[in-house]
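Sequence positions, counted from 1, serve as the residue numbers for this chain. Every number for a ligand or one of its atoms is a count from 1 in the order of the listing.
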Amino acid sequence: MDHGYKILGSFEDLFSQDITGKLFLLTMGDMRIRKDLTDRIYSRGGIIPTLIHPTARVSKFAHVSQNGVLIAPNCIVQADVTIADGVVMRDQALICHTTNIESFVFIGPQALVGALLNIKEFVFIGQKSLLISKKAKIIGPNSIVGAGSVVTKSFESGTTVIGNPAKLLETKGTSTEVNP
Ligand SMILES: CC(C)(COP(=O)(O)OP(=O)(O)OC[C@H]1O[C@@H](n2cnc3c(N)ncnc32)[C@H](O)[C@@H]1OP(=O)(O)O)[C@@H](O)C(=O)NCCC(=O)NCCS
């Protein structure tokens with residue numbers, strides 16, 4: 001048992017069954033694992049619906065993918081925001097207007113993602129971080145924004161940034177900071 005729910009079996013048990021048309025909720029924070037499982041579920045005909053908590057406020061002018069997005073309690077999504085497949089927004093996160101969130105981005109609790117930004121796929125935005133409108137224009141794919149960071153400019157792929165103002169902690173890709 002886990003939190004009162006009976007554990008029915010492993011993933012292998014699951015994928016040995018016919019899951020056509022069955023609904024799934026994925027709760028893990030590791031977005032690579034989430035993506036792998038998503039692919040496996042879709043390829044076998046399963047469905048991962050987008051779930052938006054009733055206390056979240058999502059503008060009718062926002063565009064939220066119907067595939068596997070999770071928007072937790074008290075989040076706010078403003079107008080002209082685009083949210084792609086598999087994005088997770090944890091509690092009280094806020095995305096300001098005209099910002100584009102690519103697939104499998106994780107946005108931690110109470111993070112504030114400013115307006116007119118472009119957050120590329122698999123970016124991890126730590127809890128209570130602040131990405132300043134217009135200034136943090138592009139956060140490159142697979143980058144990590146440390147908890148509580150204040151991001152005042154763009155960063156390219158595979159970077160981890162921390163602090164106020166956010167500075168590079170390490171670079172996993174070949175690229176470094178890009179022009180703000
Ligand atoms: C940025 C982060 C990924 C770095 O983790 P890490 O690679 O294990 O790095 P370390 O913990 O070894 O820290 C390296 C250095 O950066 C500092 N540091 C780490 N995270 C920091 C942060 N968010 N802000 C400021 N400094 C930070 C550490 O103090 C350490 O400094 P030192 O070398 O002077 O001692 C992690 O600290 C973090 O912020 N994760 C986000 C967690 C989160 O928001 N989760 C959401 C869950 S719902």
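- Heavy-atom neighbours of R44 CZ from other residues, nucleotides or ligands within 6.0 Å: above the threshold of 12.
- Formation of a donor-acceptor pair under 3.5 Å by the E102 side chain with backbone atoms of E121 is found in this model.
- Between A147 and ligand 1, a contact under 3.5 Å exists for at least one N or O pair.
- Residue contacts with ligand 1: G126 is included, with a non-hydrogen atom under 4.0 Å away.
- When only interatomic distances are considered, the shortest N/O to N/O separation between Q127 and ligand 1 falls below 3.5 Å.
- Using a 4.0 Å cut-off to heavy atoms of G146, the atoms of ligand 1 that qualify are 1 (C), 23 (N), 39 (O).
- Counting only residues at least two apart or on different chains, no ring pair (Phe, Tyr, Trp, His ring centres under 6.0 Å) pair has a member in residues 35-87.
- Heavy atoms of P109 come nearer than 4.0 angstrom to ligand 1 in at least one pair.
- Clustering of Ile, Leu, Val, Met, Phe, Trp and Tyr side chains at separations under 4.5 Å leaves Y5 isolated, with no partner residue.
- Remark: among candidates V161, I162, V145, V150, the nearest residue to atom 21 (C) of ligand 1 is I162, based on non-hydrogen atoms.
- For S143 and T159, the side-chain atoms include at least one donor-acceptor pair closer than 3.5 Å.
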